[in-house]
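First up is the structure itself, then whatever we jot down about it.
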There are 2 protein chains.
Amino acid sequence: MVKPQDEVRSGLEVTSPERGVPAQKPVTLAMVAKHAQVHYSTVSRALSPNPTGIGADTVKRVRELATLLGYRRDEGAAALKRGRSRLIGVLVPRLTDVALATLYAGIDDAASLAGYDTVVANTWDEAERRRSRLDSLLSRRVDGIILADSHIADHTAHELSKLGLPCVLAMRRLPSEVSVSTDDLAGGRLAAEHLISRGHTQVGIIAGDITASTGIERSQGFTSAYRESGMDVPQSHIIASGFGALAGYEACRKLLELPERPTAIFAADDLTAVGAMGAIRDAGLRIRNDIAIIGYNDIDISKQLPIPLTTIRSPLLEMGRASLKKLLDRISGRPVDSELLKPELIVRSTT
Amino acid sequence: MVKPQDEVRSGLEVTSPERGVPAQKPVTLAMVAKHAQVHYSTVSRALSPNPTGIGADTVKRVRELATLLGYRRDEGAAALKRGRSRLIGVLVPRLTDVALATLYAGIDDAASLAGYDTVVANTWDEAERRRSRLDSLLSRRVDGIILADSHIADHTAHELSKLGLPCVLAMRRLPSEVSVSTDDLAGGRLAAEHLISRGHTQVGIIAGDITASTGIERSQGFTSAYRESGMDVPQSHIIASGFGALAGYEACRKLLELPERPTAIFAADDLTAVGAMGAIRDAGLRIRNDIAIIGYNDIDISKQLPIPLTTIRSPLLEMGRASLKKLLDRISGRPVDSELLKPELIVRSTT
DNA sequence: CATACATGCGCCAGTTATTGC
DNA sequence: CGCAATAACTGGCGCATGTAT
């Protein structure tokens with residue numbers, strides 16, 4: 001269904017001579033060259049980071065003239081010439097999730113520092129949309145891709161490798177691919193140990209997306225720790241939720257209706273934890289006194305909530321920066337390994 | 001080739017092909033052409049949206065071959081040729097603010113539908129960073145820019161116009177520029193009227209950024225409505241806060257310390273409202289019973305909070321889509337006007 | 001009518017020509 | 001005359017599109 005060429009373009013003219021807007025042409029090397037009375041290739045050299053084969057005075061003169069005229073290198077044209085776009089693609093389920101937005105902020109920050117631009121796309125966990133967005137990125141000839149939306153049965157990373165396109169997973173892991181993520185097994189463990197130390201024997205899990213490594217491993221780490229302490233978390237007490245506060249609310253309601261109601265809940269994500277808190281309150285129960293709750297990620301608001309949320313902190317900004325850095329390493333052909341960042345327990349008022 | 005004198009400064013590379021990765025070259029028109037036994041311009045025509053001057057069978061044959069070979073048009077090269085990049089730049093203070101992320105989701109969605117890609121940049125409200133990111137966008141030869149971070153004394157939009165680059169403001173307004181935003185005066189009014197109807201005579205405002213139209217007009221609409229009802233909101237009760245929950249927390253504390261403590265607070269943003277709720281609770285006061293609070297935007301979590309937040313809903317997704325559409329109109333030279341979206345009062349439990 | 005050919009978008013980098021000592 | 005340094009010249013990168021066959 002995906003055609004290499006773009007067909008449907010609502011109303012936008014393509015072929016008609018665009019009129020109406022000034023559309024002044026940007027200053028080119030040639031224009032600067034004319035003013036400077038030199039060949040345009042000389043201008044190109046003078047404007048390069050460390051000019052070679054050009055007199056220092058010429059460099060200075062040309063550079064001044066260039067800024068004066070408002071010259072800005074056409075990155076697209078340069079990319080065409082050198083075969084590298086200095087563009088990084090980022091695929092993310094939803095930027096409206098603060099955790100992902102923070103991750104992306106880290107990526108964007110590091111990229112911009114390294115002289116790269118990023119193109120990010122929301123995939124909303126929809127295969128169709130994802131494919132079409134990925135197509136766009138490939139058309140833009142991105143130098144590499146960061147995948148923050150991988151699912152367990154997803155082969156995208158592998159396919160990209162076959163295309164020779166460097167790629168790094170972020171946030172979510174996949175055994176056979178290079179990734180930067182939090183040690184979610186350890187994170188789940190931290191949560192469990194904390195609840196155990198608080199004396200909770202009946203617990204429930206709001207697992208988030210169990211087709212993603214995050215959902216899987218956070219739950220797994222948690223249940224492992226409980227099992228090792230001689231307690232079991234029955235399958236019935238592990239709810240696969242969607243994303244966001246509403247999903248958390250609904251998942252929590254299911255937990256509250258269980259015959260053996262948990263006295264503590266581990267939510268694999270702060271936002272779902274917030275929703276869960278709403279459900280607990282709506283059920284006429286008191287948070288912590290009746291039901292404790294612990295989240296994951298430590299997003300901005302967790303600390304400021306009416307009842308500050310106990311949570312597992314995940315270094316999201318750092319994760320973003322690290323994944324970008326790793327991607328650049330791959331692009332340069334340097335050997336890279338996956339990286340696991342350390343989660344940290346932040347105890348506040350909900351446990 | 002080796003110049004003896006260069007040994008001293010051998011640290012300064014000039015041309016290191018830095019390779020290491022397969023870096024397979026993408027399929028080009030020429031390759032498809034070779035396989036199809038036709039001239040590459042024929043392939044180009046066959047792959048264009050509505051091929052002209054080409055036999056239907058040739059079109060079919062070429063297209064099949066193209067998909068088979070995995071051909072993907074090089075957007076960068078195409079852009080160079082046609083003088084349009086099909087790239088839209090977006091400047092945003094911070095994507096980590098859900099409201100902005102939602103706005104961007106709308107933009108991105110509409111852009112992708114129209115065959116455009118977007119490049120977004122966080123400016124963090126820092127002039128320096130903003131300038132450098134804007135520079136990047138210009139270097140990428142974006143076809144237009146959406147500014148979601150404009151301040152009152154900001155002339156960027158005007159300067160872009162002078163460059164002939166179409167641009168639209170989103171979220172925040174500026175009198176002389178084309179924008180898509182919520183009617184914040186009306187929104188502030190809605191909030192005020194609601195609080196008035198609840199009998200609150202002593203109120204406070206957490207105004208957010210008062211160098212942005214949002215902060216200004218939401219406060220202004222609010223105070224106007226109060227004044228027209230014969231009540232005044234003293235300047236001392238209007239706190240200019242920063243962004244996020246923490247800022248809301250601190251601003252609220254200031255309000256609570258006032259000699260004439262307000263019985264209700266209008267926060268110009270849901271996130272700051274959340275922080276404010278934390279401060280109210282920390283002060284040992286009860287939300288609604290002691291102090292009512294109303295927010296703005298109606299972000300996802302507002303509804304699911306332990307105490308669901310009364311707020312003014314702003315159609316953020318729609319705003320994003322509309323601003324992109326308007327930008328495309330400008331790009332095509334169609335006449336455009338600013339647009340004000342209607343805010344809506346959502347009454348929940350905090351008032 | 002269907003296809004092939006040719007031009008050039010703006011830039012980078014390898015190669016060649018022009019200086020000055 | 002040799003040899004640097006300095007600058008000009010040249011050939012495309014992949015594609016769209018006007019023109020020739």
Side-chain angles (χ1 to χ4, degrees), chain A residues 4-6 14-18 23 25-34 36-62 66 69 71-86 138-141, chain B residues 1-6 9 13-17 23 25-34 36-62 66 69 71-86 138-141:
Chain A
Q5 64 287 2
D6 49 317
V14 186
T15 39
S16 79
E18 68 258 13
K25 272 181 221 116
V27 183
T28 67
L29 280 185
M31 302 184 203
V32 179
K34 183 144 64 171
Q37 304 275 43
V38 294
H39 195 265
Y40 78 91
S41 69
T42 303
V43 178
S44 174
R45 287 198 148 86
L47 260 32
S48 85
N50 29 19
T52 60
I54 295 285
D57 48 346
T58 314
V59 169
K60 185 156 175 281
R61 189 166 57 89
V62 168
L69 294 175
Y71 171 80
R72 250 176 278 265
R73 172 175 53 198
D74 184 323
E75 273 303 330
L80 180 59
K81 179 62 193 174
R82 73 168 104 87
R84 310 273 238 78
S85 62
R86 285 180 176 280
L138 294 178
S139 257
R140 291 285 172 193
R141 299 293 187 264
Chain B
M1 206 46 165
V2 176
K3 293 169 259 177
Q5 295 197 348
D6 269 355
R9 5 183 349 186
E13 87 329 332
V14 178
T15 45
S16 66
K25 271 181 227 125
V27 182
T28 68
L29 281 183
M31 302 184 202
V32 180
K34 182 146 65 174
Q37 302 276 41
V38 293
H39 194 265
Y40 77 90
S41 69
T42 303
V43 178
S44 173
R45 288 196 150 86
L47 259 31
S48 87
N50 28 16
T52 59
I54 295 284
D57 48 346
T58 314
V59 170
K60 183 155 175 283
R61 189 167 56 89
V62 169
L69 294 175
Y71 171 79
R72 250 177 277 265
R73 173 175 55 194
D74 184 325
E75 274 300 332
L80 180 60
K81 180 65 192 169
R82 74 169 102 86
R84 311 275 236 79
S85 62
R86 285 170 184 269
L138 294 178
S139 258
R140 291 286 171 192
R141 298 294 186 264

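In what follows, chains are A, B, ... by sequence order, proteins preceding strands, each numbered from 1. Side chains included, hydrogens not; waters and symmetry mates left out as well; all remaining heavy atoms used.
If you check distances only, the side chain of B:Lys81 never reaches the base of C:dC9 with a donor-acceptor pair under 3.5 Å. With hydrogens and angles ignored, no donor-acceptor pair under 3.5 angstrom links the side chain of A:Arg140 to the base of D:dG14.
Between A:Ser44 and C:dC11, a side-chain N or O to OP1/OP2 separation shorter than 4.0 Å is absent. Of the side-chain N and O atoms in B:Arg141, none sit less than 4.0 angstrom from OP1 or OP2 of C:dG10. A sub-4.0 Å separation between OP1 or OP2 of C:dC12 and a side-chain N or O of A:Arg84 is absent. The phosphate of C:dA4 has OP1 or OP2 within less than 4.0 Å of a side-chain N or O from B:Thr42.
Nucleotide D:dC13 holds its C1' atom 15 Å from the CD atom of A:Glu75, rounded to whole Å. Rounded to an integer number of Å, the gap from NE2 of B:His39 to P of D:dT19 is 17 Å. Atom pair A:Lys34:NZ and C:dG10:C1' shows a separation of 15 Å (rounding to whole Å applied). A:Leu80 places its CG atom 11 Å from the P atom of C:dC12, with the value rounded to the nearest Å. B:Lys25 has its NZ atom 11 Å from the C1' atom of D:dC13, to the nearest Å. Taking atom CG of B:Asn50 as the reference point, atom C1' of D:dA16 lies 14 Å away to the nearest angstrom. Atom OH in A:Tyr71 sits roughly 10 Å away from atom P in C:dG10 (whole-Å rounding).
Residue B:Ser41 is classed as a base contact, given a heavy-atom separation below 4.0 Å to a base. Residue B:Gly53 is classed as a base contact, given a heavy-atom separation below 4.0 Å to a base. The residue B:Thr58 sits close only to the backbone: its heavy atoms come under 4.0 Å of sugar-phosphate atoms, none of a base.
Closest approach to the B:Arg45 side chain among C:dA4, D:dG14, D:dA8 is made by C:dA4 (side chain taken as heavy atoms from C-beta onward). Of the candidates C:dC12, C:dG10, D:dC15, C:dC12 carries the atom nearest the A:Tyr40 side chain, counting heavy atoms from C-beta on. Residue B:Ala78 has its side chain nearest to D:dC15 when only D:dC15, C:dG10, C:dT3 are considered.
In terms of position on DNA chain C, the residue among B:Ile54 and A:Arg82 whose nearest nucleotide sits closer to the 5' end is B:Ile54.
For the salt bridge (Lys or Arg N to Asp or Glu O under 4.0 Å) criterion with A:Glu75, the lone passing option out of A:Arg141, A:Lys81, A:Arg82 is A:Arg82.
Of all the heavy atoms in B:Thr42 and B:Thr58, the pair that sits closest is CG2-CG2, 4.3 Å. Smallest separation of non-hydrogen atoms from A:Val27 and A:Tyr71: O-CD1, 3.4 Å. Nearest approach of B:Val59 to B:Ala46, heavy atoms of both residues: CG1-O, 3.8 Å.
In this structure, the side chain of A:Ser85 does not engage the main chain of A:Ala79 through any donor-acceptor pair within 3.5 Å.
Pairing for D:dA20 is with C:dT3, a Watson-Crick or G-U wobble pair whose two hydrogen-bonding atom distances lie under 3.5 Å.
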